[in-house]
Structure formats: structure tokens, C-alpha cells
Amino acid sequence: MKRAAKKSISRRIRSAEVNAPSEPLLTASELKAIAERIMKFSEADETEVEIDVTTDALTRFANNIIHQNVAEQVLHISVRAVMDGRTARATTNKTDEESLRRVMAAAEKLALHQPKIPGLLPMLGAQKIPKVERFFAATAEATPQDRARAVTRVCKLAEKNKQTAAGIFSSGAMQTILANSKGLFAHHEQTRSEFSVTILEPNSSGWAKANSADIRELDPDRLAERAQP
């Protein structure tokens with residue numbers, strides 16, 4: 001059962017690189033499982049694992065038309081080892097068994113070649129960490145069509161005023177875990193969105209931008225009005 005679960009995680013990551021869905025790649029429990037697998041390979045005095053999963057999508061427009069829509073998902077694993085007062089970090093973006101074994105070994109090898117750090121603080125143990133509400137489903141689930149509808153309204157307004165509109169509308173989500181061999185486990189997830197618009201006339205231009213964790217707080221129509229030259 002464990003082997004099947006690991007293969008499933010790897011398949012989801014490879015698939016996401018192609019299909020770029022709008023939801024985070026992995027759940028908090030899956031990220032924690034990856035960290036625990038890494039720490040099982042550790043021979044260090046202390047081990048720290050940080051994993052970031054980021055999903056970003058961007059709609060770009062110019063000359064009153066949408067000309068680009070792109071999306072990406074990125075998985076980043078950072079492993080820090082402490083060996084006899086020395087410390088170093090290694091990174092990977094793969095979750096197969098061999099890659100996790102290698103990144104742990106690389107962090108340990110690098111640490112052994114570092115000078116000792118006088119007064120190096122020990123890693124924190126288990127902590128009670130307050131939850132910060134920065135995740136909004138409306139932002140994480142925003143589609144290219146959602147962004148396109150807002151951009152279309154702005155471009156039509158520019159056309160009506162015999163102006164040219166250009167800018168970007170982006171949305172995305174990110175989650176991070178921090179775990180170590182002393183029992184620490186922290187998880188945070190957040191979303192982000194941004195609308196930026198430039199309104200051009202033959203002899204002048206205006207610009208406005210806003211960003212928010214909650215895409216519903218953005219008002220592209222109002223921003224287009226503020227950007228009037």
C-alpha cells in the first residue's frame with residue numbers, strides 16, 4: 001500500500017506539469033509524508049525539510065485583446081542537515097525514492113565540508129502555531145475564463161473611449177510545510193491575485209494595479225477607470 005501511494009504522488013506531479021490545474025499539487029498530509037520519507041534517510045544530528053508547492057496562472061492582454069494565458073505548478077523541496085555543529089542545505093523538485101535519498105545525502109555531505117558555526121542554535125521542537133487565514137477558494141479555483149471575462153470588460157471600455165488597454169490578470173495558490181527531526185510540523189497555505197492595467201492614448205497614459213489574497217476584492221472595472229490618463 002505504501003509503495004502504491006508513493007507512485008500516485010509522483011504521477012500527480014508529472015501530470016500537473018503538463019495539465020497545470022488550478023488547485024495545489026498535493027495535500028498537507030501528502031507533503032508531510034514526503035518530509036517523513038526524507039528524514040528516514042537521515043544520518044544527521046538534526047534534519048529540517050521545507051516543501052513549497054506553488055500554482056500560478058496569468059492572463060496577459062495588449063491592444064485590447066488577450067494574447068497570452070499561461071499556468072505553471074512548481075514543487076520545491078529544501079533539506080537542511082546539521083552535522084557536528086556544521087550545517088548545509090540541498091534541494092530537489094522530485095519525489096521518487098532515489099531522489100529523496102540523494103537530496104538527504106547531498107545535504108549531509110555538504111554539511112561535513114562546512115566550517116563549524118559557533119553557537120549554532122538547535123532546531124525548534126513541536127510548536128503550537130497560530131493559523132493565518134490567507135487562503136480563499138475563489139482565488140485558487142479561478143479559471144482562465146473568469147479572468148478573460150474581466151479583461152474583456154476592460155478592453156471594451158477602452159475601445160468605447162477610443163483608447164488602448166494592456167496589462168495582466170494573475171491568480172494562484174501556494175502552500176508550505178516546515179518539518180524537522182525534533183518534532184516540528186508547520187503548514188501554511190495562501191492565495192494571491194493581481195490585476196494591473198495601463199490605458200493608453202496617443203499622447204498620454206495612465207496605470208493602476210491592485211492585489212489581494214481574495215480575488216473577489218479586485219475590481220478590474222474600477223481599476224480601468226482609475227487608470228484613465
Side-chain angles (χ1 to χ4, degrees), residues 8-28 30-31 51-77 91-95 133-176 188-202 204-229:
S8 175
I9 289 172
S10 296
R11 282 199 299 271
R12 288 178 61 187
I13 291 170
R14 288 195 295 271
S15 174
E17 292 170 350
V18 177
N19 299 324
S22 59
E23 63 186 41
L25 281 170
L26 303 172
T27 66
E30 288 174 323
L31 295 177
I51 306 177
D52 299 308
V53 183
T54 303
T55 303
D56 276 316
L58 172 72
T59 298
R60 195 184 301 274
F61 58 102
N63 297 318
N64 294 340
I65 61 170
I66 295 172
H67 65 90
Q68 186 181 46
N69 185 73
V70 295
E72 69 171 357
Q73 289 182 319
V74 178
L75 172 71
H76 181 262
I77 300 173
T91 64
T92 184
N93 62 358
K94 298 180 180 180
T95 63
E133 297 293 346
R134 290 280 296 171
F135 184 91
F136 295 86
T139 308
E141 296 167 3
T143 66
Q145 291 79 10
D146 294 330
R147 296 189 300 274
R149 280 190 285 270
V151 170
T152 298
R153 291 196 306 271
V154 169
C155 290
K156 284 184 176 180
L157 175 63
E159 286 180 347
K160 180 180 177 181
N161 295 333
K162 296 184 174 11
Q163 298 168 324
T164 303
I168 62 101
F169 194 178
S170 66
S171 58
M174 183 178 105
Q175 61 174 319
T176 299
H188 174 68
E189 58 181 356
Q190 65 181 41
T191 50
R192 56 194 178 199
S193 63
E194 179 178 303
F195 187 85
S196 174
V197 59
T198 300
I199 301 294
L200 300 101
E201 291 188 350
S204 61
S205 66
W207 172 80
K209 181 178 81 168
N211 55 65
S212 175
D214 187 351
I215 199 169
R216 295 168 298 183
E217 292 184 350
L218 296 184
D219 189 340
D221 301 62
R222 186 178 178 186
L223 288 168
E225 292 175 1
R226 284 176 53 192
Q228 292 297 315

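Owing to the predicted nature of the structure, the values given are computational and were not obtained by experimental measurement. Scope of the values below: all heavy atoms of this structure, side chains included, with no hydrogens, waters or symmetry mates.
- What you find for Ala213 and Thr139 is that their closest heavy atoms are O-OG1, 2.8 Å.
- Partner Thr54 forms a side chain to side chain contact (heavy atoms under 4.5 Å, CB included) with one of Gln73, Met174, Gln175 and no other, that one being Met174.
- Around atom CG of Asn63, no more than 12 heavy atoms belonging to other residues, nucleotides or ligands sit under 6.0 Å away.
- With values rounded to the nearest 0.5 angstrom, Ile168 atom CD1 is found 4.5 Å from Glu194 atom CD.
- The two residues Val154 and Pro220 come nearest to each other via the heavy atoms CG2-O, 3.7 Å.
- Ring planes of Phe61 and Phe195: parallel class, angle under 30° (limits at 30 and 60°).
- The distance from the CD atom of Gln163 to the OG atom of Ser204 is 8.0 Å, given to the nearest 0.5 Å.
- Between the side chains of Thr176 and Asp52, at least one donor-acceptor pair of N or O atoms lies under 3.5 Å.
- For the atom pair CZ of Arg147 and OG of Ser170, the computed distance is 8.0 Å after rounding to the nearest 0.5 Å.
- If you check the side chains of Arg134 and Gln190, you find no donor sitting under 3.5 Å from an acceptor.
- When all heavy atoms are compared, the tightest approach of Thr27 to Glu30 is N-OE1, 2.9 Å.
- Between the side chain of Thr191 and the backbone N or O of Ala173, no donor-acceptor pair lies under 3.5 Å.
- In Arg153, the CZ atom is crowded: over 12 heavy atoms of neighbouring residues, nucleotides or ligands sit closer than 6.0 Å.
- One distance of note links CG of Leu218 with OG of Ser196; it measures 11.0 Å at 0.5 Å rounding.
- Contact between Ile215 and Ala142 at its shortest, heavy atoms only, is CD1-CB, 3.9 Å.
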- prompt: Run the side-chain contact (heavy atoms from CB on, under 4.5 Å) check on Leu75 and Ile51 step by step: do they pass?
  reply: CA-CA 7 Å; Leu75 172 71; Ile51 306 177; 3.7 Å; yes
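- Of the inter-residue distances, the one linking Ile199 atom CD1 with Trp207 atom CH2 reads 13.0 Å to the nearest 0.5 angstrom.
- Taking every heavy atom of both residues into account, Ala158 and Asn64 meet most closely at CB-OD1, 3.6 Å.
- Taking OG1 of Thr152 as the reference point, atom CD of Gln145 lies at 11.0 Å (rounded to 0.5 Å).
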message: The test is side-chain contact (heavy atoms from CB on, under 4.5 Å); show your working for Ile66 and Thr59 and say whether it passes.
response: CA-CA 7 Å; Ile66 295 172; Thr59 298; 3.8 Å; yes
